[in-house]
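A short worksheet on the structure shown next.
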Amino acid sequence: MRRRLVVGNWKMHGSRASATALAAEVAAGTKGCTGVDVGVCPPAILIPPVVAALAGGHVACGGQDVSEHESGAYTGETAAGMLVDAGCTLAIVGHSERRQFFGDTNDRVAAKLVRAAAAGLTPILCVGETLAERRKDETSQVIAAQLAPVLALPNIGDLLARMVIAYEPVWAIGTGETATPEQAQEVHAFIRGAIAARDATAAGALRILYGGSVKPDNAAALFAKPDVDGGLVGGAALKAADFTQICAAAAR
Ligand code: 13P
């Protein structure tokens with residue numbers, strides 16, 4: 001039985017004051033959600049106050065991205081070791097906004113995943129197709145290509161035991177248009193099958209989250225699908241009440 005996981009991706013929103021308040025509200029609101037793991041990923045600069053607000057509680061903190069380099073002259077980057085040092089246990093890699101606006105390739109995302117895992121973080125690998133790709137019926141090809149450099153890694157067995165995958169169809173992110181539970185299930189099953197071809201045991205234990213306009217009113221139906229093990233939540237994660245309801249739906 002896979003334990004569900006719900007992670008809020010706060011993207012580039014918030015201030016010290018609002019992030020600290022939101023973290024405290026999420027911690028208080030999800031206290032009773034014992035059947036689910038909960039995490040939040042604030043902007044890098046807000047990680048320290050959020051970690052302080054979450055201290056000693058059940059809510060994990062994570063980075064929204066991580067450098068593929070261990071350290072060095074890489075202006076503007078955040079190293080995985082720095083996230084760990086700041087108190088993070090999670091790191092999103094390969095979010096479609098990083099791929100779309102910052103040139104993250106499938107190979108670079110795999111390198112980031114390796115760094116995150118080596119530092120002791122749980123990497124959340126995001127995959128997903130654009131609307132144009134879905135219309136051309138290329139969803140599985142695109143996702144297979146996104147997974148390929150990860151599945152080719154020499155220590156893939158260890159990585160699979162540690163990582164999480166998030167299926168985020170690009171057309172559903174921030175648009176209010178959610179994949180139907182059936183559409184999500186179809187792709188999640190495809191992803192699990194692709195992993196199983198490499199390591200069947202790891203595939204059975206791997207958590208695959210859905211992301212893309214997850215809201216309190218659609219979360220339960222998505223999480224009811226057998227291969228949907230939780231959510232990666234954007235907009236609704238900025239409202240403590242909405243995020244708490246989504247976590248409660250996952251805990252049921
Ligand atoms: P929304 O929930 O705002 O669609 O964002 C999803 C997402 O990108 C989470 O990483």
Side-chain angles (χ1 to χ4, degrees), residues 4-14 18-19 22-23 26 30 36-44 46-47 50 59-66 78 83 88-102 104 109 112-113 116 121-131 133-134 139 142-143 146 163-181 183-184 187-188 191 207-223 228-250:
R4 293 210 181 112
L5 169 66
V6 177
V7 176
N9 174 8
W10 293 358
K11 306 194 180 182
M12 199 170 73
H13 295 288
S18 71
L22 179 57
V26 166
T30 59
V36 60
D37 291 331
V38 179
V40 295
C41 297
L46 297 178
I47 287 171
V50 167
V59 180
C61 191
Q64 296 176 8
D65 187 32
V66 70
T78 304
L83 291 179
C88 289
T89 54
L90 308 167
I92 297 170
V93 295
H95 191 280
S96 67
E97 286 149 19
R98 300 296 318 175
R99 295 176 186 266
Q100 217 177 326
F101 306 132
F102 303 99
D104 278 16
V109 170
K112 289 181 172 194
L113 184 140
L121 296 163
T122 295
I124 302 173
L125 169 66
C126 298
V127 298
E129 81 289 1
T130 62
L131 185 58
E133 289 161 346
R134 175 162 280 263
T139 300
V142 168
I143 288 169
Q146 289 169 337
M163 66 190 262
V164 171
I165 292 181
Y167 168 55
E168 297 208 314
V170 179
W171 48 270
I173 295 177
T175 60
E177 190 180 341
T178 321
T180 63
Q183 284 172 320
V187 179
H188 283 227
I191 292 170
R207 292 187 287 189
I208 307 177
L209 315 183
Y210 169 80
S213 299
V214 177
K215 307 286 176 207
D217 62 1
N218 60 27
L222 287 159
F223 301 156
V228 179
D229 305 311
L232 184 55
V233 185
L238 296 172
K239 296 185 196 123
D242 285 5
F243 187 68
T244 297
Q245 282 183 58
I246 293 167
C247 292

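Note that ligands are numbered from 1 as they come in the structure, with each ligand's atoms numbered from 1 the same way. Computed from a prediction, not measured in an experiment: that's the story for all the values here.
With ligand atoms numbered from 1 in the order given, ligand 1 contributes 4 (O) to contacts under 4.0 Å with heavy atoms of Ala172. Below 4.0 Å from some heavy atom of Gly212 lie the following atoms of ligand 1, by number and element: 4 (O), 6 (C). Ligand 1 places these atoms under 4.0 Å from at least one heavy atom of Glu168: 6 (C), 7 (C), 8 (O), 9 (C), 10 (O). Listed by number with element, the atoms of ligand 1 under 4.0 Å from a non-hydrogen atom of Leu232 are 9 (C), 10 (O). For ligand 1 and Gly174, the ligand atoms under 4.0 Å from any heavy atom of the residue are 1 (P), 3 (O), 4 (O).
Side-chain contact of His95 with Glu168: a donor-acceptor pair under 3.5 Å is present, judged by distance alone.
In terms of polar-atom proximity, defined here as any N/O pair under 3.5 Å, Gly234 does make such a contact with ligand 1. Considering both main-chain and side-chain atoms, Lys215 never comes within under 3.5 Å of ligand 1 through any nitrogen or oxygen pair. Taking only nitrogen or oxygen atoms, main chain and side chain alike, Ser213 reaches within less than 3.5 Å of ligand 1. At under 3.5 Å, a nitrogen or oxygen of Lys11, whether backbone or side chain, sits near a nitrogen or oxygen of ligand 1.
The OG atom of Ser96 sits 3.0 Å away from the CD1 atom of Ile173 when rounded to the nearest 0.5 Å. Distance CG/Leu125 to CD1/Ile92: 11.0 Å, rounded to 0.5 Å. From Leu5, atom CG reaches atom CG of Leu209 across 5.0 Å, with rounding to the nearest 0.5 Å. Within the model, atoms OG1 of Thr139 and CZ of Arg134 stand 4.0 Å from one another, a figure rounded to the nearest 0.5 Å.
Within 6.0 Å of atom NZ in Lys239, 12 or fewer heavy atoms from other residues, nucleotides or ligands are found, so the atom counts as exposed in its surroundings.
Side chain of Asp229 to main chain of Ile208: a donor-acceptor pair is present (N/O by atom type, distance under 3.5 Å, no hydrogens or angles).
Within the 4.0 Å heavy-atom criterion, the part of Asn9 lying near ligand 1 is the side chain and not the backbone.
In plain terms, the two heavy atoms of Gly174 and Ser213 that are nearest each other are N-OG, 3.9 Å.
Nearest to atom 3 (O) of ligand 1 by heavy-atom distance, out of Ala236, Gly235, Pro169, is Gly235.
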